[in-house]
Amino acid sequence: MSAPIRVRFAPSPTGYLHVGGARTALFNWLFARHHGGKFILRIEDTDRARHSEDAVQIIYDGLRWLGLDWDEGPEIGGDYGPYFQSERESIYQRYFDQLRAGGHLYVEDSGAWRFRFHRELVEVDDLICGKITFDFGNTEISPDMTIRRPDGSWIFHFVNVVDDLEMKITHVLRGEDHLSNTPKHIQLYQALNAAPPRFGHIPLILNKDGSKMSKRDQGASITSYLEGGYAPEAVRNYFCLLGWSPKDDREIMALDEIITRFELSNVNRKGAHFDIAKCDWFNAQYIQQMPAARYRELAQPWLAKAGISADPATLDPVLALEKMKVTHFREVPDRVSFFFTEDYTYDPAAVEKALHKPGALDRLAQLAECYAALEAFDAVTLEAKLKELATSLSVKPAEFIHPARVAVSGRAVGPSLYHMFEVLGKERVLARFHRTRERFAA
RNA sequence: GACCCUAUCGUCCAGUGGCCUAGGACACUCCCCUUUCACGGGAGUAACACGGGUUCGAAUCCCGUUAGGGUCACCA
């Protein structure tokens, strides 16, 4: 309890960051932040052939996008580096020699080094799963494990333990897939005359149907969220609730509240099935509640990609119009594109239904005339005037509304008509009415 | 195959022996709001895997079965 808490996320640079890995990183980060401890990032690149700059970058990008800043690790430094296993050769050699001197190792004919595992009962006191006893007493196959290949390179189990030891990791929070390896890791610590850290195994994330989540499955890769138009705060909130619960019915929670309430004892032991629909709901909720500046910030890259750029004063009123309807930021450009060009396209079905109706173009002319006389051009006035006009001509407001919507946006669906008018402004609205009448006359 | 973990609505969670004719959320259906599309509000469908115990009483404790997952690599 007295030693400062140190946890780590130790991914292998495989070219993508799996949602399960990200969630493991998140829980480690939450645990560290909750206890005022350190969160360390270590890159496990012993398999040198697979190491690439891009692969490492994907990990950094994913973690940073989720807001998981590391206190020690690549690009940050720290007192226990280097933080790439490929650069820790001399450390491994030292521990290897210690193990060898202690008589814990033997060589195979191939030249591979194996660690001699004691065939006994090993108890793991897991922070999440509780006390678990592994019986290696009468197992048929050898529990011994290779720790070094004939070519001198190191195997995961060994370097992982050595690094956790060297980096003074106090709590190892990792995926449940490592639970069965834990007794072996514990024996490695014992052979090294070191006290093992505390372990906590987090249940895995599966597909919604319960199958294992692989790279291609929807939502499996963190990159897919960056590219899918998600707000990181929303995705992070959803991930927090995958396997952890505050034990009341709160779901949308500020990060501070989650940090305060995050306890390992509240982490579930059951594997979670991933549901992208709920993740989408979180995203929509966050977007709805988002301040205009943040909303603009997240929408801007998507707008830029669609060739739309404008200053905040112009952008914000337009963006506000559709904010309540957006689920993913990628939808934004299409929803607002007609505000930024006079060359917007007309949806044929909408034209057929609203403009090719007998008298539709006349309604447009009448409404234009009415609006042209207006001083104020705000939504409230616009609505009142349109309804007044309809009443005076004894027609339904819809007779005006539908043609006007298509005239001004080219589509049958969109923002509230009057607010759309207001944002567009009198001049552009009247011009669009006029242009539409000319274009679809006769 | 051996060892280990798990088991409440389709999904995520609540429930730690009586407050449970099992609660919330997503999704789905219907209604209201809205002369667009959404948001929002309301209602509804829907679960304690099975079998034995323990107990006055079990979703909650124990055992077994079944099912799912994981590990047994010179992958991490």
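Numbered from 1 within each chain, the chains take letters A, B, ... in sequence-line order.
OP1 or OP2 of B:U36 has not a single side-chain nitrogen or oxygen of A:Arg411 nearer than 4.0 Å. In terms of phosphate contacts, A:Arg149 brings a side-chain nitrogen or oxygen within less than 4.0 Å of OP1 or OP2 of B:A76. Taking side-chain N and O atoms only, A:Ser416 has no distance below 4.0 Å to OP1 or OP2 of B:C37. Checking the phosphate oxygens (OP1, OP2) of B:A14, a side-chain nitrogen or oxygen of A:Asn268 falls inside 4.0 Å. Side-chain nitrogen and oxygen atoms of A:Ser180 include none within less than 4.0 Å of the OP1 or OP2 phosphate oxygen of B:C4. For the pair A:Gln85 and B:C75, the criterion of a side-chain N or O lying under 4.0 Å from OP1 or OP2 is not met. Residue A:Ser245 places at least one side-chain N or O closer than 4.0 Å to OP1 or OP2 of B:A14. Here A:Lys353 does not reach the OP1 or OP2 of B:U36: none of its side-chain N or O atoms lies under 4.0 Å away.
Across the strands present, B:C19 finds no partner; the criterion is a Watson-Crick or G-U wobble pair with both atom distances under 3.5 angstrom. Across all strands shown, B:A49 pairs with B:U65; the Watson-Crick or G-U wobble distances both stay below 3.5 Å. Pair check for B:U55 finds none; no Watson-Crick or G-U wobble contact set falls under 3.5 Å. The base-pairing partner of B:C30, taking Watson-Crick or G-U wobble contacts with both distances under 3.5 Å, is B:G42. B:A73 makes up no base pair with any nucleotide shown, lacking Watson-Crick or G-U wobble contacts both under 3.5 Å. For B:A25, the paired nucleotide is B:U11, the pair qualifying as Watson-Crick or G-U wobble because both relevant distances are below 3.5 Å. Both distances falling under 3.5 Å, in either a Watson-Crick or a G-U wobble arrangement, occur for no nucleotide opposite B:C37.
No hydrogens or angles considered: nothing links the side chains of A:Gln85 and A:Arg88 as a donor-acceptor pair under 3.5 Å.
Rounding to whole angstrom units, CG of residue A:Asp177 and C1' of B:C5 are separated by 12 Å. Here B:C12 presents its C1' atom at 12 Å from CG of A:Asp249, a figure rounded to the nearest Å. A:Asn266 places its CG atom 15 Å from the C1' atom of B:C12, with the value rounded to the nearest Å. Here B:C4 presents its P atom at 18 Å from CZ of A:Phe199, a figure rounded to the nearest Å. For the pair A:Gln289 CD and B:C39 C1', the computed distance is 12 Å after rounding to whole Å. As rounded to whole Å, 22 Å separates atom P of B:C4 from atom NZ of A:Lys270. Separating the NE2 atom of A:His419 from the P atom of B:C39 is a distance of 18 Å, rounded to the nearest angstrom. One can place CG of A:Asp347 at 13 Å from C1' of B:U36, the figure rounded to the nearest angstrom.
A pairwise comparison of heavy atoms in A:Leu68 and A:Phe39 identifies O-CE2, 4.3 Å as the closest pair.
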Exercise. Checking side-chain contact (heavy atoms from CB on, under 4.5 Å) for the pair A:Glu342/A:Arg432: CA distance, chi angles, key distance, verdict?
Worked result: CA-CA 8 Å; A:Glu342 292 307 311; A:Arg432 288 181 181 201; 2.9 Å; yes

Problem set entry | Worked check of ring pair (Phe, Tyr, Trp, His ring centres under 6.0 Å) between A:Tyr371 and A:Phe377 | CA-CA 8 Å; A:Tyr371 280 0; A:Phe377 211 73; 5.8 Å; yes

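Among the nucleotides B:A76, B:G15, B:A25, the one closest to the side chain of A:Lys247 is B:G15. Of all nucleotides listed (B:C74, B:U11, B:A27), B:C74 comes nearest to the side chain of A:Arg114. Comparing B:C12, B:C72, B:C37 against the side chain of A:His273 picks out B:C12 as the nearest.
Going from the P atom of B:A43 to that of B:A7 covers 32 Å, rounded to whole Å. Here, B:U60 and B:U54 have their C1' atoms 13 Å apart, quoted to the whole Å.
Comparing A:Val395 and A:Arg148 against RNA chain B, the residue whose closest nucleotide sits nearer the 5' end is A:Val395. Toward the 5′ end of RNA chain B lies the nearest nucleotide of A:Gly271, the other residue of the pair A:Gly271 and A:His178 mapping further downstream.
The ring of A:Phe339 has its center no closer than 6.0 angstrom to the ring center of A:Tyr344. For A:Phe262 and A:Trp244, the distance between ring centers is under 6.0 angstrom. The aromatic ring centres of A:Tyr238 and A:Phe274 sit less than 6.0 Å apart. Residues A:Phe27 and A:Phe239 place their aromatic rings such that the two centres sit no closer than 6.0 Å.
A:Arg148 forms a cation-pi arrangement with A:Phe96, by the criterion of a distance under 6.0 Å to the ring centre and an angle within 45° of the ring axis.
Scanning atom types as modelled, one donor and one acceptor separated by under 3.5 angstrom connect the side chain of A:Ser110 and the base of B:C74. If you check distances only, the side chain of A:Lys278 never reaches the base of B:A27 with a donor-acceptor pair under 3.5 Å.
A glycosidic torsion no more than 90° from 0 defines the syn conformation, and B:C39 adopts it.
In this structure, the side chains of A:Ile287 and A:Tyr295 come closer than 4.5 Å at one or more pairs of heavy atoms.
For RNA chain B, the residues of residues 156-163 of chain A within the heavy-atom distance limit of 4.0 Å (strictly under) are A:Phe156, A:His157, sorted by number.
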